Structures are given as structure tokens and as C-alpha cells.
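First comes the structure, then the notes that go with it.
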Amino acid sequence: MDLNGSRVIVAGATGEFGATLSRELAGAGAEVGVMGRDAEKLESLADELGIPSARFDATDTQSCRRGVDALAAALGGLDVLAVTAGVAAFGEATEVSTETVGELFAVNVLGPIALIDAALGHLPEDGAVVALSAIVAEYPTAGLSAYSASKSALSAYVTALRRERRKRGLTVLDVRPPHMDTAFSDRALTGDPPPLPDPVDHRDVVAAVLDALREGRREVAWDLKSKALVARG
Ligand SMILES: NC(=O)c1ccc[n+]([C@@H]2O[C@H](COP(=O)([O-])OP(=O)(O)OC[C@H]3O[C@@H](n4cnc5c(N)ncnc54)[C@H](OP(=O)(O)O)[C@@H]3O)[C@@H](O)[C@H]2O)c1
């Protein structure tokens, strides 16, 4: 895919990863629209880049749909949806309440599915969907049971979507980063993180996502043996 001139929505652009992704996409010539929950951060990024924006809350699926529809209209169409919104909850299986697990799945699974569903009404057959799952989707981790389960669910959803649309040419990119340098774990719904490895520079993951989109890959993942980002498919 040629990113130059492509119309892209980043849902979760108020986060550190989403903001960097939005800036890099704009730098590559894409026409970007940004979605976020925090009004101040969203306005500031949209003003900096001179691009349209829409507020949403991932726990409100109607706001997911409204935001995608409004930005697709503002951009005059849509070629790529990137869902980067997400939240963590730390604790062993019995330590995270059922209510918190519900909120976690609302943000990490139901909201992204609503965003993707809305985007599929606008994307061309050879468009692209990018979803930020996580390394824990592939390697469920002790102390991260509920978070691992939510990211596995998102990863399974986009994998099945890719299989459904393979013949029609839709690129579905599952991004499974390891721990990154974004302070994501400080904003968890509950609990303290287990010991985490040294963080990866999120800008390297963003660069790998842009390359993978250009090449039509299906996964950007972390290879545990070589300790490096790899693009698969
Ligand atoms: N950082 C890591 O170590 C790591 C590793 C693997 C995967 N990931 C995934 O990478 C993605 C980006 O995270 P990040 O590192 O950039 O962390 P971040 O800076 O904390 O960004 C999180 C984003 O999620 C949004 N969000 C949270 N709850 C929301 C809700 N209810 N409705 C709408 N948006 C909501 C935040 O929006 P507001 O700021 O507007 O509230 C923000 O845009 C997440 O999906 C995360 O699971 C992160």
C-alpha cells in the first residue's frame, strides 16, 4: 500500500503510540484523522497536525461508530483504520474483579470490534485494518491473566477477519509489541505490573508498522529468541 495520499483513521491517537503513529503517517503523506477520549490531548494533536478529529469512548460502541463515520466523511473516504486504544489491568486471575474484567474487555475488545465494523463500511476491498494487540496475545503471562485474555480475543478476531477477507485483498495487520517505553503500565485500571523486561522504543514499533503496511504484512511481533521485531506474512 502506498501511504502517500491514503486516508487513515487512528483511534487512540491521544496515547503515546497512537500520537507517534499519527505524526509518522502524516509525515509519510497520509491524510490522517484522529480519534481519542481525552479532549485536550486530542485537540492539541489535531491542531499540531492540522487534521480532523473525533472524540470517542471505547466503552460506548455508538461513539466508536459515530467517530469513524464522521472522520471518513471529513477525509472523503477511508483506506486504513488503525486501532491503538487499549488499557491494562494487573493481577493474578482471582485478583481482578469481574467488573474490571468487563471494563477491560469493553476497551480492548468490544470497542475495537465496533471501530473495525464501522470502518469496514467505508474501506475499499484492498484497504487495511491495523490492531494493537500485544505480545501477551501470543504468550499469556502470569500476573496479566485478564489483560492477556483481552488481547488474545482481539488478536483472534482480526485473524479470523483476515481469513474471511483474504481473497478480497484486505490487509489486516496484528501488531503484538512487547513492553514499550510509553508508561502504559502506569495507566492500568487496577493493580501493579509484574516485573517487566527493558522496554522497547515505541518509535521502532511505529516504524515497523509503517513498513508492514507498505508491504501488506499480517503481523508485527516480537521474536523472543533474537529479541527483535519481526514482520510476518
Ligand atoms: N506500552 C506497552 O508496553 C504496550 C505493549 C503491548 C501492547 N500495547 C498496546 O499498545 C496500545 C497503545 O498503548 P500506549 O503504549 O500508547 O499507551 P497509552 O499512552 O496509555 O495509550 C492508551 C490509549 O488508549 C486510550 N484509551 C484508554 N481507555 C480508553 C477508552 N475507554 N476509550 C477510548 N480510548 C481509551 C487512551 O485514550 P485517552 O488518553 O484519550 O484516555 C490512549 O489513547 C494499547 O492498545 C496497548 O494495549 C502497549
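All values below were derived from every heavy atom in this structure, side-chain atoms included, with hydrogens, water molecules and symmetry-related copies excluded. In each ligand, atom 1 is the first atom listed, and ligand 1 is the first ligand listed. On a predicted model such as this, the values are computed, not experimentally measured, just so you know.
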Q: List every atom of ligand 1 that sits less than 4.0 Å from any heavy atom of A58, numbering the atoms from 1 in the order shown and giving each element.
A: 30 (C), 31 (N), 32 (N), 33 (C)
Q. Would D117 and R65 satisfy salt bridge (charged side-chain N to carboxylate O under 4.0 Å, His left out), going step by step from the backbone distance to the final call?
A. CA-CA 8 Å; D117 188 47; R65 187 168 292 282; 2.6 Å; yes
Q | Check: F184 N/O within less than 3.5 Å of ligand 1 N/O | A | no
Q | Ion pair E138/K151, N-O distance below 4.0 Å | A | no
Q: Using distance alone, determine whether D57 and ligand 1 share an N or O pair under 3.5 Å.
A: yes
Q. Judging by distance only, is a nitrogen or oxygen of P177 under 3.5 angstrom from one on ligand 1?
A. no
Q) So is there a nitrogen or oxygen of A85 less than 3.5 Å from a nitrogen or oxygen in ligand 1? A) yes
Q. How close does the nearest protein non-hydrogen atom get to atom 48 (C) of ligand 1, and which residue and atom is it?
A. M180 CE, 3.6 Å
Q) Nearest to atom 8 (N) of ligand 1, what protein heavy atom do you find, and at what distance? A) Y147 OH, 3.8 Å
Q. Is it the case that D223 and S226 place a side-chain donor and acceptor less than 3.5 Å from each other?
A. yes
(Q) G15 versus ligand 1: do any nitrogen or oxygen atoms come within less than 3.5 Å of each other? (A) yes
Q. Counting from 1, what ligand 1 atoms have a heavy atom of T182 closer than 4.0 Å?
A. 1 (N), 14 (P), 15 (O), 17 (O)
Q | Mode of E16 contact toward ligand 1 - side chain, backbone, both, neither (heavy atoms, under 4.0 Å) | A | both
Q. Is the closest N or O pair between I135 and ligand 1 shorter than 3.5 Å?
A. no
Q) Any N or O of G12 that comes nearer than 3.5 Å to an N or O of ligand 1? A) yes
Q: For atom 10 (O) of ligand 1, grab the closest protein heavy atom and report residue, atom and distance to one decimal in Å.
A: L132 CD1, 3.5 Å
Q) Hey, are D198 and H179 close enough side-chain-wise for a donor-acceptor pair under 3.5 Å? A) no
Q. Between N108 and S150, does any side-chain donor sit less than 3.5 Å from a side-chain acceptor?
A. yes
Q. Which residue and non-hydrogen atom of the protein lie closest to atom 37 (O) of ligand 1, and at what distance in Å?
A. T14 OG1, 3.2 Å
Q. Who gets closest to atom 7 (C) of ligand 1 by heavy atom: P178, G86, S133?
A. S133
**Q.** Distance filter under 4.0 Å to T84 heavy atoms, resulting ligand 1 atoms
**A.** 11 (C), 12 (C), 44 (C), 45 (O)
Q) Is ligand 1 under 4.0 Å from a heavy atom in the side chain of V107, in the backbone, in both, or in neither? A) side chain
Q. Quick one: does ligand 1 sit under 4.0 Å from the side chain of K41, the backbone, both or neither, non-hydrogen atoms only?
A. side chain
Q. Is the shortest distance from a heavy atom of K151 to ligand 1 less than 4.0 Å?
A. yes
Q | atom 20 (O) of ligand 1: the protein heavy-atom neighbour that sits closest, reported with distance to 0.1 Å | A | R187 NE, 2.7 Å
Q: Using a strict cut-off of less than 4.0 Å between a Lys/Arg side-chain nitrogen and an Asp/Glu carboxylate oxygen, indicate whether R66 and D69 qualify as a salt bridge.
A: no
Q: Assess the side chains of D57 and S63: does a donor N or O sit below 3.5 Å from an acceptor N or O?
A: no
**Q.** Check: R55 and E43 side chains under 4.5 Å, non-hydrogen atoms
**A.** no
Q | Enclosure of E92 CD (heavy-atom neighbours >12, cutoff 6.0 Å) | A | no
Q.
Is the shortest side-chain heavy-atom distance between R218 and R162 below 4.5 Å?
A. yes
Q: With the side chain counted from C-beta on, respond yes when L170 and D126 share a heavy-atom pair under 4.5 Å apart, and no when they do not.
A: no
Q) Considering only heavy atoms of F17, which atoms of ligand 1 have at least one such atom less than 4.0 Å away? A) 12 (C), 16 (O)
Q. Which atoms of ligand 1 have any heavy atom of H179 under 4.0 Å away?
A. 3 (O)
Q: Check each heavy atom of W222 against ligand 1 and say whether those closer than 4.0 Å belong to the side chain, the backbone, both or neither.
A: neither
Q: Look at atom 29 (C) of ligand 1 and say which protein heavy atom is nearest, naming residue and atom and giving the distance to 0.1 Å.
A: R37 CZ, 3.5 Å
Q: Go through the steps to decide whether R165 and E125 satisfy the test salt bridge (charged side-chain N to carboxylate O under 4.0 Å, His left out), and finish with yes or no.
A: CA-CA 8 Å; R165 302 281 173 138; E125 294 208 329; over 6 Å; no
Q.
Is it true that S155 and S152 share a donor-acceptor pair across their side chains at a distance under 3.5 Å?
A. no
Q: Following the transitive rule for hydrophobic clusters with a side-chain heavy-atom cut-off under 4.5 Å over Ile, Leu, Val, Met, Phe, Trp and Tyr, establish whether L224 and V136 coincide in one cluster.
A: yes
